[in-house]
Every structure is written in structure tokens, then in C-alpha cells.
Amino acid sequence: MLIGLCGGICAGKHAIAEYLIQHQGFQLLELVDKSYPRIADGPDDDLRLQASEVKRKGSTQSSALVFETVDALLTFVTKRWRERWVTTDIWDGATLDRLLQRPFFLLVSVDAPVSLRWKRFSDRCRRRQLDPPDLEKFVLWNDRHIYDKDIGRAYLTDRAQVRLFNSSSSLKELHAALETLDLADEQRLRPSWDQYFMQLASLAAHRSNCMKRRVGCVLVQDHRVISTGYNGTPRHIKNCNEGGCPRCNRGEGGGAGLSTCLCIHAEENALLEAGRERIREGAILYCDTCPCLTCTVKIAQVGISEVVYSQSYNMDRESAAILEEAGVRLRQFSPPRNGLIYLQSANPSSSVTE
């Protein structure tokens with residue numbers, strides 16, 4: 001696994017790299033080219049900014065492996081991809097494009113409130129006997145660093161699979177949050193079968209036009225997709241979002257007026273698409289939500305062996321009881337957290353993150 005960290009000035013990416021190295025067995029990889037994008041006009045300003053990017057002296061810097069090019073770095077890691085590597089040397093889109101081609105690479109962006117990042121930056125400057133900038137100047141630097149059309153990091157951070165918001169006020173708090181998160185979970189790189197099929201179900205849900213709830217479903221046999229389905233009105237009937245189902249468009253509460261609903265559920269559509277003759281022992285149904293009673297009895301009837309869902313529904317207990325009696329396994333799947341994640345712990349200490 002290779003984790004790449006990118007983010008704003010003093011967002012905490014180097015502190016996170018330090019944690020991964022010291023506590024989770026990662027090793028640091030660096031590129032020789034340290035020509036950071038220039039975001040300040042004066043040489044003194046640029047000196048302060050460059051100093052903020054230099055890693056702290058100690059185990060990480062002395063043990064870092066340095067490469068001339070990103071291709072050389074990738075060649076090295078490809079032969080050792082089962083080991084754990086981390087880099088913060090991602091400066092442009094071309095470098096990122098090369099890294100993202102490899103299945104062992106995970107891009108993680110780090111952000112924090114601008115006022116907190118200014119405080120961290122000012123503390124660093126003082127430790128290096130440099131005058132810290134005022135908040136206004138730091139904000140101007142930050143805006144160019146993130147949003148400039150030529151050198152802005154927004155292009156990089158927008159492509160991150162995991163986006164961390166580092167509002168932690170201490171290293172202890174940050175480390176506790178990172179330990180809980182477990183960035184090294186390999187399911188972030190290559191989804192498990194459960195995660196893969198659940199993502200397909202969620203993708204199918206985007207085709208739904210039901211005014212009440214988007215739901216997607218995937219029917220699987222021997223790790224192969226038999227059929228997919230999403231909820232909506234029957235073929236040749238006006239779409240739900242065009243007024244085709246009066247019950248959904250009235251906005252009635254969950255479970256109410258189901259007998260008047262014209263929408264076919266995602267599970268029903270997947271079962272109809274597959275047909276009884278294609279469903280054999282061992283078939284698994286993946287769905288965004290736990291099936292309702294109507295779908296549950298049909299699932300039991302056609303011989304589905306297992307139902308996997310991600311979100312609860314207001315009939316979970318009733319559905320679970322029917323599936324249990326019918327000998328159908330029911331379980332909820334929770335994938336590793338991606339997207340925007342707040343790094344916070346309940347017990348902060350006094351050591352400021354860098």
C-alpha cells in the first residue's frame with residue numbers, strides 16, 4: 001500500500017505521515033525535486049513557506065527513501081506493494097495521474113480551519129526563528145495555494161478517496177482518531193465482494209425516479225451479477241417524479257399507504273429481471289435498505305440464500321423474522337469510512353499538532 005497525503009498549508013499531512021511511520025509500520029518515500037510551487041512574492045515570505053514544508057528531524061527524515069522521478073518511485077513500490085509506504089511529495093496533476101494508475105495507491109487529503117492552520121504555521125515560524133505572517137497575509141497565501149488555476153491544490157484534494165478534516169488540537173487527539181480510522185485498511189484500495197456489490201446497488205439507486213426514496217438492488221450468484229434493479233413505476237407508466245405514483249407524490253410517511261403505491265421496489269425489479277429459473281441456491285441479494293415485508297416474502301419464495309443491506313428500514317424486525325423462518329440469512333454491511341471524515345477525539349491534550 002502507498003498512501004499519498006496532500007492538503008493545505010499546515011493542515012497536518014506531515015503529522016499524519018509521522019503517525020503512520022511511528023505507529024503503523026509505514027516507510028517514507030520522497031522525490032528529489034523539492035521545487036515547491038511558489039505562492040509568495042517576496043523571498044522572505046517564500047522562505048517561511050518552504051520551511052513549513054520541511055519534515056521534522058528524526059526517524060522519518062533519516063530513513064526516507066529518495067527517488068529522482070515518480071516513475072522510479074512507482075517501480076520501487078510495485079515490487080514491494082504489500083509493504084506500507086507513505087509520501088507527501090505530490091505537487092501537480094501529472095504526478096497524481098501516474099500514482100492513481102496503480103491499484104495499491106490511496107490518495108488522502110487533509111484540511112483544517114484556516115485560523116488553526118495559521119496558528120500552527122506561526123508556531124513553526126517562531127521555532128525556526130522566523131517572523132510569522134499576520135492572519136490576512138496567511139489567508140492570501142492559502143487562497144493561492146488552494147485555488148490558483150495553475151498551482152492550486154484543489155485539483156489534487158478534489159480527487160482524494162479519503163478526505164480528512166484535522167481540527168484536532170493535539171497530537172494525542174489526532175493519533176487516537178487515526179487509530180480508530182485505520183487508514184491502512186486494504187478494503188480502501190480494492191473493495192471486498194460485499195463492498196463491490198453494495199456499491200453497484202448504490203449506483204443502481206441513482207437511476208431511481210421514486211419521489212420517496214432512492215433504492216438500488218443487485219442479485220448475485222457465485223460472485224457474478226444476475227440482475228440489477230431500482231425502484232420506480234412499471235414500464236410504460238409515467239415516472240414517479242412526473243406524477244406517475246400519487247401516493248409517493250403526496251409525501252406520505254414511511255410504510256403508510258403502501259397498498260396504493262404504484263412503484264415497484266428495487267428488490268422486486270431485480271427478481272423480475274432475473275426470473276425464477278436463474279436463481280439457484282447460494283444467490284445473494286444486495287440492497288441499499290433492508291427489504292420491506294412485501295419484498296421479503298418474495299425473496300423467500302424465489303429461494304434467495306442471503307440478503308445483505310446497508311441502511312435500516314422501519315420494518316427491519318418483521319422482515320428479519322420472516323427471513324429467519326424461511327432460512328434466509330440477513331446481515332447488515334458497513335464499509336470502511338471514506339469521503340469527508342472529521343478527526344476528533346473526546347480527550348484532547350495540550351500538545352499542538354504540526
Side-chain angles (χ1 to χ4, degrees), residues 1-21 24 26 28-31 33-40 46 48-56 60 64 70 85-97 99-100 105-125 133 135 138-171 173-175 177-178 181 183-184 188 337-344 352-354:
M1 167 182 269
L2 169 60
I3 291 181
L5 294 163
C6 64
I9 305 168
C10 280
K13 51 188 176 293
H14 295 113
I16 293 173
E18 290 280 351
Y19 167 82
L20 293 174
I21 293 164
Q24 295 197 349
F26 280 75
L28 181 67
L29 303 180
E30 293 184 321
L31 295 175
D33 184 8
K34 294 295 183 182
S35 56
Y36 307 107
R38 188 179 182 84
I39 61 174
D46 197 54
R48 285 181 285 181
L49 283 161
Q50 299 248 354
S52 73
E53 298 286 358
V54 175
K55 297 173 183 63
R56 291 171 289 184
T60 59
V70 66
W85 311 98
V86 62
T87 185
T88 59
D89 290 350
I90 305 175
W91 309 112
D92 55 60
T95 298
L96 179 58
D97 288 341
L99 292 168
L100 286 172
F105 177 70
L106 178 72
L107 181 63
V108 178
S109 70
V110 190
D111 201 0
V114 67
S115 58
L116 179 58
R117 292 193 285 114
W118 171 63
K119 182 180 183 305
R120 293 172 183 168
F121 185 84
S122 298
D123 291 341
R124 283 186 174 183
C125 287
L135 178 58
F138 182 81
V139 169
L140 293 174
W141 287 349
N142 174 74
D143 284 352
R144 188 175 184 204
H145 182 260
I146 299 295
Y147 302 114
D148 185 275
K149 70 180 183 66
D150 296 318
I151 65 171
R153 303 295 173 83
Y155 172 80
L156 306 180
T157 58
D158 185 58
R159 302 174 72 186
Q161 295 105 309
V162 182
R163 295 156 49 211
L164 305 180
F165 190 76
N166 177 25
S167 60
S168 303
S169 59
S170 71
L171 285 174
E173 181 181 357
L174 175 64
H175 290 181
L178 289 171
L181 180 62
L183 283 174
R188 301 183 191 281
R337 295 168 61 202
N338 282 346
L340 181 61
I341 301 170
Y342 281 74
L343 294 178
Q344 268 187 320
V352 177
T353 59
E354 300 177 0

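Since we're looking at a predicted model, the values are computed, not measured.
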Does [X] reach the side chain of [Y], with side-chain heavy atoms less than 4.5 Å apart?
{"X": "Lys13", "Y": "Ile90", "value": "no"}
{"X": "Leu28", "Y": "Val86", "value": "yes"}
{"X": "Arg163", "Y": "Asp111", "value": "no"}

Over all heavy atoms of both residues, which pair between [X] and [Y] is shortest? Give the atoms and the distance, please.
{"X": "Thr88", "Y": "Ala17", "result": "CG2-CB, 4.2 Å"}
{"X": "Ile151", "Y": "Arg144", "result": "CD1-NE, 3.9 Å"}
{"X": "His145", "Y": "Gly7", "result": "CE1-O, 3.2 Å"}
{"X": "Phe165", "Y": "Pro113", "result": "CZ-CD, 3.6 Å"}
{"X": "Cys6", "Y": "Thr157", "result": "SG-CG2, 3.9 Å"}

Can you measure from [atom1] ([X]) to [atom2] ([Y]) and round to the nearest 0.5 angstrom?
{"X": "Gln161", "Y": "Phe105", "atom1": "CD", "atom2": "CZ", "result": "7.0 Å"}
{"X": "Leu96", "Y": "Leu107", "atom1": "CG", "atom2": "CG", "result": "5.5 Å"}
{"X": "Ile16", "Y": "Leu164", "atom1": "CD1", "atom2": "CG", "result": "5.0 Å"}
{"X": "Met1", "Y": "Leu106", "atom1": "CE", "atom2": "CG", "result": "5.5 Å"}
{"X": "Ser115", "Y": "Leu135", "atom1": "OG", "atom2": "CG", "result": "7.5 Å"}

Could you walk me through whether Trp141 and Ile9 pass the side-chain contact (heavy atoms from CB on, under 4.5 Å) check?
CA-CA 9 Å; Trp141 287 349; Ile9 305 168; 4.2 Å; yes
Is there a side-chain contact (heavy atoms from CB on, under 4.5 Å) between Arg153 and Trp91 once you walk through the steps?
CA-CA 8 Å; Arg153 303 295 173 83; Trp91 309 112; 3.0 Å; yes
Output yes when a side-chain donor or acceptor of [X] lies under 3.5 Å from a complementary backbone atom of [Y], and no otherwise.
{"X": "Asn166", "Y": "Ala112", "value": "no"}
{"X": "Arg117", "Y": "Cys10", "value": "no"}
{"X": "Trp118", "Y": "Pro133", "value": "yes"}
{"X": "Arg120", "Y": "Ala11", "value": "yes"}

Given the rule in the side-chain contact (heavy atoms from CB on, under 4.5 Å) test, do Val70 and Leu99 qualify, once you have shown the distances and angles that lead to the verdict?
CA-CA 8 Å; Val70 66; Leu99 292 168; 3.9 Å; yes
Can you tell which of Thr87, Ile3, Leu183 makes a side-chain contact (heavy atoms from CB on, under 4.5 Å) with Phe26?
Ile3
Between Arg159 and Asp97, does any NZ, NE, NH1 or NH2 come within less than 4.0 Å of an OD or OE carboxylate oxygen?
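Yes, this pair counts.
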